[in-house]
Number of protein chains: 2
Amino acid sequence: MSRAENRLETTQAIQETARRHLAEVGPAALSLRAIARDVGMVSSAVYRYFPSRDHLLTALIVEAYDELGAAVEAADTGVRRRGDLAKRFAAVCHAVHDWARAHPHEYALIYGSPVPGYAAPDTTIASAARVPGTLLRIAEESERAERALGAPTRAVGARERTALGGIRPALDVEMGDDRLVRWMMAWTSLFGHISLELFGHMYRGVLDYDTHFAHVVTQLADDLGLSG
Amino acid sequence: MSRAENRLETTQAIQETARRHLAEVGPAALSLRAIARDVGMVSSAVYRYFPSRDHLLTALIVEAYDELGAAVEAADTGVRRRGDLAKRFAAVCHAVHDWARAHPHEYALIYGSPVPGYAAPDTTIASAARVPGTLLRIAEESERAERALGAPTRAVGARERTALGGIRPALDVEMGDDRLVRWMMAWTSLFGHISLELFGHMYRGVLDYDTHFAHVVTQLADDLGLSG
DNA sequence: AGCAAAACGAGAGCGGTGCTCTCGATTCTG
DNA sequence: CAGAATCGAGAGCACCGCTCTCGTTTTGCT
């Protein structure tokens with residue numbers, strides 16, 4: 001086996017083991033030494049492949065973003081043929097919800113508190129943008145179809161318009177500011193809901209998470225004008 | 001100085017120092033030994049006052065909940081005389097936002113990923129309930145005033161009604177399910193927005209956090225039927 | 001008032017962590 | 001083929017949470 005092959009293989013072995021440990025003990029308790037022991041090498045050897053624990057965590061962050069992004073994109077394309085925007089939106093929302101429930105530690109890693117002194121290098125932003133990107137694709141579709149928003153939406157002034165200026169470059173169509181605001185709110189609602197649920201803030205308040213989440217998703221779809 | 005006084009004083013000194021360290025280095029890097037050094041005692045002595053690092057963290061969690069709760073309640077009562085529900089709602093939302101921005105590590109401690117193996121003993125829930133409680137008080141007021149919701153809201157079925165059953169005991173007035181759902185959504189929107197903003201997920205997307213947040217708050221107030 | 005009991009601070013120590021450095025062995029490359 | 005780069009292993013540093021022991025001090029009961 002060539003040196004390059006070997007390097008790739010050990011790198012992956014480390015990352016896979018780290019991923020397993022992450023799923024079991026969470027980001028905070030993730031130990032580089034324990035990972036090294038599990039892989040079968042001494043701890044200092046790991047530093048040949050990841051310069052620090054944080055770099056390893058960053059790799060796991062990118063991996064988590066990509067897995068969530070892939071799940072969401074798959075859910076979207078799975079129902080896209082139907083042309084039903086509400087269904088697409090619901091599929092995406094439930095995909096995020098399901099993935100978060102199935103991978104709580106990974107979700108916490110990317111959407112919880114930033115872990116170390118943290119750094120989100122540019123490598124992560126592409127992966128991180130996959131979920132918002134998928135949502136924006138549906139938004140664009142509803143814009144193209146000239147669907148009216150389902151809830152009366154406040155006119156957007158010049159300041160708020162420029163405040164959202166960073167999103168427009170990611171859009172392929174001209175979109176009304178009111179619609180963009182509604183989609184921003186849907187995005188924050190979605191992740192706010194999941195975070196509050198997963199981190200225990202709905203404990204004893206909401207008795208049936210799935211039912212309530214499904215209801216909220218349909219309400220958001222209504223507000224966005226995707227239904228009916 | 002009596003032993004009881006001394007104990008109280010040392011306990012507070014430890015907690016205050018811990019709080020300072022928390023604000024500087026964050027929950028993950030909070031070191032019991034460093035706190036002990038700063039207070040001027042040896043690390044093992046701290047265990048006379050807090051049985052473990054997690055217990056100390058729990059104390060800080062309760063403290064953070066209470067400080068945020070107090071800030072929010074103060075903001076609410078500060079504008080309550082006006083009787084303007086939209087203003088009350090806005091004051092509360094901005095109080096949460098301002099506090100979170102001013103105390104990012106404390107916010108992350110209570111609304112970010114659950115820190116250790118974590119445990120949220122019953123002592124915390126009363127403190128944690130102050131913000132949702134304040135929101136519900138405004139919701140009750142709007143119910144009493146028979147304000148119509150500002151956005152068309154889906155009828156709530158029996159399942160969703162029972163799913164929200166845990167919240168009703170906290171309500172003093174009978175409230176329509178559609179209104180309750182809207183307030184739940186406002187709650188998740190609020191904290192979802194703040195978390196996504198604070199944890200860096202709006203980076204390069206939203207260019208002016210304050211403007212956008214203010215806009216969203218007014219939109220939420222509209223949806224809840226608090227405006228005009 | 002005297003004395004046992006409880007509370008306390010200090011210190012040593014255990015096993016764990018992230019990370020650095022050095023040293024041979026292996027592999028690649030010119 | 002020789003020099004250079006890469007790699008795994010080990011020792012070691014400073015730190016961590018936590019436990020235990022040991023004098024000292026304060027408390028509360030008789």
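In what follows, every chain begins at residue 1, and chains take the letters A, B, ... in the order their sequences are listed. Everything numeric in this text was worked out from a predicted model, so none of it was measured.
- Of all nucleotides listed (D:dC16, D:dC18, C:dA10), C:dA10 comes nearest to the side chain of B:Met41.
- Look at B:Ser31 and you'll find a side-chain N or O under 4.0 angstrom from OP1 or OP2 of D:dG17.
- Rounding to whole angstrom units, CG of residue A:Asp54 and P of C:dG18 are separated by 10 Å.
- You won't find any donor-acceptor pair under 3.5 Å spanning the side chain of A:Arg33 and the base of C:dG16, going by distance alone.
- Between the P atom of C:dT26 and the CD atom of A:Glu5 lies a distance of 19 Å, rounded to the nearest Å.
- Rounded to an integer number of Å, the gap from NE2 of B:His21 to P of D:dG17 is 12 Å.
- Taking atom CZ on B:Arg48 and atom P on C:dA10, their separation rounds to 11 Å, with Å as the unit.
- Taking atom CZ of residue A:Phe50 and atom P of nucleotide D:dG8, one finds them 13 Å apart after rounding to whole Å.
- As judged by a 4.0 angstrom heavy-atom cut-off over every strand, B:Ser2 is placed among residues touching the sugar-phosphate backbone only.
- Taking the side chain of B:Ala34 as heavy atoms from C-beta on, and the options D:dC16, D:dG10, C:dA10, the nearest nucleotide is D:dC16.
- For A:Arg3 and D:dT6, a side-chain-to-base donor-acceptor distance below 3.5 Å is present, hydrogens and geometry of angles not being considered.
- Residue-level contact check: B:Ser43 touches the bases, meaning some heavy atom is under 4.0 Å from a base atom.
- Taking the ring centroids of A:His55 and A:Phe50, they lie at or beyond the 6.0 Å cut-off.
- The pair B:Glu16-B:Arg19 does not count as a salt bridge, with every side-chain nitrogen at least 4.0 angstrom from each carboxylate oxygen.
- Donor-acceptor pairing under 3.5 Å is lacking for the side chains of A:Ser113 and B:Tyr107.
- We find that B:Arg130 and B:Asp66 are joined by a salt bridge, their nearest charged nitrogen and carboxylate oxygen being less than 4.0 Å apart.
- No contact: A:Ile35 has no heavy atom under 4.0 Å from any strand.
- Residue B:Tyr49 is in sugar-phosphate contact alone, with no base atom involved, counting any heavy-atom pair closer than 4.0 Å across all strands shown.
- One interatomic measurement links the two molecules: CG of B:Leu56 to C1' of D:dG17, which rounds to 12 Å at whole-angstrom precision.
- The salt bridge (charged side-chain N to carboxylate O under 4.0 Å, His left out) test with B:Asp177 is passed by exactly one of B:Arg182, B:Arg168, B:Arg159: B:Arg168.
- Atom CZ in B:Arg53 sits about 6 Å away from atom P in D:dG17, given to the nearest Å.
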